[in-house]
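Single-structure report; data block below.
Just so it is clear, the model here is predicted, and its values are computed rather than measured. Counting starts at 1 for both ligands and their atoms, following the listed order. The figures here come from the full heavy-atom set of this structure, side chains too, leaving out hydrogens, waters and symmetry mates.
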Amino acid sequence: MTPTEAMYESLGISRKVYEFGSKVEEELKERFARIDEVAEYNQLKVIKAMQDCRVSAECFQSGTGYGYNDIGRDTLEEVYAKIFHTEAALVRPQITCGTHALALALASNLRPGDELLSVSGKPYDTLEEVIGIRPSKGSLAEYGVTYAQVDLLADGSFDFEGIRAAINDRTKMIEIQRSKGYQTRPTLSVAQIGEAIAFIKSIRSDLIVMVDNCYGEFVECEEPSDYGADMVVGSLIKNPGGGLAPVGGYIAGTAECIEQAAYRLTSPGLGKEVGATLGVNKDFYQGLFLAPTVVASALKGAIFAANIYERLGFAVVPNGTESRHDIIQAVTFGVPEGVIAFCEGIQAAAPVDSYVTPEPWAMPGYDSDVIMAAGAFVQGSSIELSADGPIKPPYAVYFQGGLTWGHAKLGILKSLQRLTEKNLVTL
Ligand SMILES: *Cc1c(COP(=O)(O)O)cnc(C)c1O
């Protein structure tokens, strides 16, 4: 037994599980090399942006109070705009999460009487209350913003004719969700999104296209904003925070859209000028710097999990061989016990809180019980190794993250170990 094998054994991984995993890993060498190539490109893109914006040690200082003239905050927003090739960006600790960033992008750019059109089917669960699909206080619906939706076609592609038919005089904004979220549809590639944006702009060039970019950042060499998205929106405790950002969200986009968002986030007239950073600047910068390699680790974990569970006969989205456009891996177990065992394994592999057992609970914003496994340094961070699944059919678990490949690998082996111990799989 090699020292590494002995270490796996000491972490509760049986010989059988380890050997099964090793065989799968061996076959993924070429895939992993291509992921490293994308990470290399994106690493250079981030460094170039930081250099061009003259990031300095001064940028890491902490602002308090109103936060006027926070050079770290303002420069970071320039860096984000450079990376996403947009005119401007809003990157703030006051944006509390991805849902908040999306709600902000929507509410600030829509007015009573406008219509929001989602062209990638049902939006992410938490947006249902933001939009008012499920009635909620302060929803867009309460402010007289209507909502329409065009589902993706059965093969997961855009329904171009449906989109054309759904656009009307009141349509103001189009929403495209890049990642699958809690659905088992394929994730949209940046090229596919680009095609949809070109089509939408050919119908009406003044439509604002907003892309929910959560979990997609740095997976490919390009972002939806490279194809004309007016806003790309995401969470800093996912990909672009690189695991170090302790909170936050971003919107990168046109100067007009970002100004609207800033006036809504703080106050009309104040906009981007205020907002103390309270010491988070260095982590925002350093996390962004690490993000391309962190995303690569997470992608390797997702592909490893897909190949393991596909081989064992479970439905996995994406499948073991297809190309990747976000870091999420869905595995459908068909029974709640499978979802729970998987999450227990991920939790048991964590550096933090490895001794606790996750249980399904009624999380705010979701319409069924959800089980979440996360032993994270940043609470709820899903760029760190984490898994979650709504306890409802088809009983799929959504797995994501891993700041390092070594940790992602351990987590997946632990999940497999747990499933074998509960007789849910046999190797
Ligand atoms: C995570 C996620 C959100 C919401 O982000 P939170 O930070 O959890 O509020 C929205 N859309 C997609 C596709 C996501 O993955």
Note to self: Regarding atom 11 (N) of ligand 1: of the candidates Asn239, Asp212, Thr99, which has the closest heavy atom?
What the structure shows: Asp212
Next item on the list: Quick one: look up the protein heavy atom nearest atom 7 (O) of ligand 1 and list residue, atom name and how far away it is.
Entry: Gly98 N, 2.7 Å
Next item on the list: Answer yes or no: is there an ion pair linking Glu161 with Arg164, defined by an N-O contact shorter than 4.0 Å?
Entry: yes
Margin query: Assess whether a salt bridge exists between Asp36 and Lys300, defined as any Lys/Arg side-chain N lying under 4.0 Å from an Asp/Glu carboxylate O.
Written below: yes
Check: Short list, please: which atoms of ligand 1 are under 4.0 Å from a heavy atom of Lys238?
Finding: 1 (C), 2 (C), 3 (C), 4 (C), 5 (O), 14 (C), 15 (O)
Next item on the list: For the pair Phe84 and Tyr250, name the ring-plane relationship: parallel under 30°, tilted 30 to 60°, perpendicular over 60°.
Entry: parallel
Notebook entry, point to check: Do the rings of Phe199 and Phe160 sit parallel, tilted or perpendicular, given the 30° and 60° boundaries?
Noted result: perpendicular
Check: What are the atoms of ligand 1, with element, lying closer than 4.0 Å to any heavy atom of Gln177?
Finding: 13 (C)
Margin query: Below 4.0 Å, non-hydrogen atoms only: which portion of Leu102 touches ligand 1? Side chain, backbone, both or neither.
Written below: side chain
Item checked: Value rounded to 0.5 Å, distance of OG1 in Thr277 from CD in Gln94 -> 8.0 Å
